[in-house]
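The structure under discussion appears below in the form of structure tokens.
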Amino acid sequence: CYNGRIFESDQHSRRLKRSAEIVGYEIPWSVEEINAAKEATVAKMGLENCYIRAFAWRGSEMMGVSAPNNRIHMSVAAWHWGDYFADKMKGVKLTFARWRRPDPATAPHDAKASGLYMICTLSKHEAEAAGYADAVMLDWQGRVAECTGANIFLVQDNAIHTPIADCFLDGITRRTVIALAKAKGYEVVERRIMPEELGDFREVFITGSAAEVTPVSEIGPHSYQPGRVCEDLATAYANLVRGVG
């Protein structure tokens with residue numbers, strides 16, 4: 001929420017309902033009702049700039065692998081949120097995660113589901129303990145996938161490259177930044193990216209609702225200089241979410 005306006009509230013609410021359907025249940029509230037609950041929560045908290053999380057879960061009526069008759073619950077939380085990364089425009093340092101994004105045949109990767117975040121939490125904790133801000137996760141075939149809670153973009157010449165989102169979440173911020181980049185005339189290439197290519201890029205940045213657009217200064221042995229493309233898209237995104245221009 002920026003200046004009292006929840007950015008892409010409808011898209012997030014639709015994804016919440018779609019994610020529930022993917023993992024096998026239906027949220028018994030409409031997109032409009034979920035949107036209204038978010039608005040009411042922000043108003044009750046008296047926050048104009050905040051992070052909002054609407055989430056749903058199965059109840060406890062049946063404890064077992066099979067629980068089709070459990071009631072569905074939903075909550076909305078809102079709290080003040082500063083920068084996800086300290087001094088983020090200087091560029092954050094990333095390492096490589098020990099865990100990999102799973103084969104899409106083994107997990108519903110297109111759902112924003114808490115179970116899929118377990119290896120992300122483990123990876124981020126290990127990265128932070130080693131002095132890094134986050135970790136780059138490879139996919140099950142050893143290709144660059146994403147960070148633990150953000151999508152990744154890499155700049156080469158005048159083109160912006162990003163992994164194909166076929167085993168990890170195609171983020172709403174990811175799609176927003178791709179649209180902004182194309183509107184500004186950048187070529188956006190979605191393709192398979194191998195770890196050995198990481199030294200070929202001059203700028204790297206990550207995107208997410210919390211991360212927004214954050215430049216990267218280091219991935220393992222590779223160093224980058226946050227530059228014109230990172231700054232251009234970070235500014236464009238900040239203006240968009242705040243309704244500037």
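These numbers were taken from a predicted model, which means no experiment stands behind them.
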Show the numbers, then the answer: is there a side-chain hydrogen bond (donor to acceptor under 3.5 Å, both in side chains) between Q141 and R192?
CA-CA 10 Å; Q141 291 186 321; R192 309 296 183 193; over 6 Å; no
Take L16 and K112 through the test side-chain contact (heavy atoms from CB on, under 4.5 Å) and record every step on the way to the result.
CA-CA 7 Å; L16 176 63; K112 191 173 178 70; over 6 Å; no
Show, in sequence, the C-alpha distance, side-chain angles and deciding distance for W29 and M74, and conclude whether the side-chain contact (heavy atoms from CB on, under 4.5 Å) test is met.
CA-CA 9 Å; W29 294 278; M74 195 188 84; 3.7 Å; yes
Evaluate the side-chain contact (heavy atoms from CB on, under 4.5 Å) criterion for residues I160 and L154: first the C-alpha distance (whole Å), next the side-chain angles of each, then the deciding distance (0.1 Å), finally the verdict.
CA-CA 6 Å; I160 300 171; L154 310 102; over 6 Å; no
Y237 vs V177, side-chain contact (heavy atoms from CB on, under 4.5 Å): CA-CA, chis, key distance, verdict:
CA-CA 7 Å; Y237 183 80; V177 170; 4.2 Å; yes
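The minimum heavy-atom distance between H80 and N49, with the atom names listed, is ND1-O, 3.9 Å. Between S9 and N35 the shortest heavy-atom distance is OG-OD1, 3.2 Å. Considering all non-hydrogen atoms of both residues, P163 and R174 come closest at O-NH2, 2.9 Å. Residues A113 and V23 share a closest heavy-atom pair of CB-CG1, 4.2 Å. Smallest separation of non-hydrogen atoms from A78 and M45: O-CE, 3.5 Å. Of all the heavy atoms in A210 and W81, the pair that sits closest is CB-CZ2, 3.7 Å.
Close placement of the F201 and H161 rings is indicated, their centers lying within 6.0 Å of each other.
Taking OG1 of T235 as the start and CG of L240 as the end, the distance is 12.5 Å to the nearest 0.5 Å. To the nearest 0.5 Å, atom SG of residue C167 and atom CD of residue E146 are 7.5 Å apart. Put simply, CH2 on W57 and CD1 on I27 are 10.5 Å apart, with the number rounded to the nearest 0.5 Å. Here the straight-line distance linking atom CD of Q11 with atom CZ of R18 works out to 8.5 Å at 0.5 Å rounding. Atom OG in S13 sits 3.0 Å away from atom NZ in K38 (nearest 0.5 Å). Separating the OG1 atom in T176 from the CG atom in L233 is a distance of 12.0 Å, to the nearest 0.5 Å.
When hydrophobic clusters are built by joining Ile, Leu, Val, Met, Phe, Trp and Tyr residues whose side-chain heavy atoms come closer than 4.5 Å, directly or via intermediates, L116 is not grouped with I206. In the hydrophobic clustering of this structure, V213 groups with I178; members are Ile, Leu, Val, Met, Phe, Trp, Tyr whose side-chain heavy atoms approach within less than 4.5 Å, directly or through other members. Clustering ILVMFWY residues whenever any of their side-chain heavy atoms sit less than 4.5 angstrom apart, transitively, puts V216 in the very cluster that holds F96. Linking Ile, Leu, Val, Met, Phe, Trp and Tyr residues whenever their side-chain heavy atoms come within less than 4.5 Å leaves V229 and I193 in two separate clusters. No chain of hydrophobic side-chain contacts below 4.5 Å, direct or via other Ile, Leu, Val, Met, Phe, Trp or Tyr residues, connects V204 to F153.
The environment of E196 atom CD is dense: over 12 non-hydrogen atoms of other residues, nucleotides or ligands sit within 6.0 angstrom. Around atom CD of E126, more than 12 heavy atoms belonging to other residues, nucleotides or ligands sit under 6.0 Å away.
Under the 3.5 Å distance criterion, the side-chain polar atoms of T41 are matched with a main-chain donor or acceptor of A37. Of the possible polar contacts, none joining the K124 side chain to the G149 backbone as a donor-acceptor pair under 3.5 Å is found. A donor-acceptor contact shorter than 3.5 Å links the side chain of N151 to the backbone of L169. Judged purely by atom type and a 3.5 angstrom limit, D103 uses its side chain to pair as donor or acceptor with the backbone of A105. In terms of modelled atom types and a separation under 3.5 Å, the side chain of N70 and the main chain of M62 share a donor-acceptor contact.
Considering only heavy atoms from C-beta on, I52 comes within 4.5 Å of V42 through its side chain. In this structure the side chain of V144 reaches within 4.5 angstrom of the side chain of V136, judged on heavy atoms. A 4.5 Å side-chain heavy-atom check between T207 and T214 finds every atom pair outside the cut-off. By the 4.5 Å heavy-atom criterion applied to side chains, P215 and E203 are not counted as neighbours. The closest side-chain heavy-atom distance from C147 to L94 is below 4.5 Å. Annotation: side chain of I119 is in contact with side chain of P102 (closest heavy-atom distance under 4.5 Å). Side-chain atoms of L138 and R101, non-hydrogen and from C-beta on, never get closer than 4.5 Å to each other. A heavy-atom distance below 4.5 Å is found between the side chains of Q156 and D200.
Note: F7 and Y2 have perpendicular aromatic rings, judged against thresholds of 30 and 60 degrees for the angle between ring planes.
At a cut-off of 3.5 Å, with distance as the only test, no side-chain donor of S217 or K93 sits close to an acceptor on the other residue.
A salt bridge does not link K17 to E21: none of the charged nitrogens lies less than 4.0 Å from a carboxylate oxygen. Salt-bridge annotation for D232 and R228: absent, with no side-chain N of the basic residue lying under 4.0 Å from a carboxylate O of the acidic one. For E197 and R191, the salt-bridge test passes: some basic side-chain N is under 4.0 Å from an acidic carboxylate O. At a threshold of 4.0 Å, the pair R14-E8 does not count as salt-bridged, since none of the basic side-chain nitrogens sits closer than that to a carboxylate oxygen.
For residues 99-143, there are no ring-ring contact (aromatic ring centres under 6.0 Å, His included) pairs, not counting sequence neighbours.
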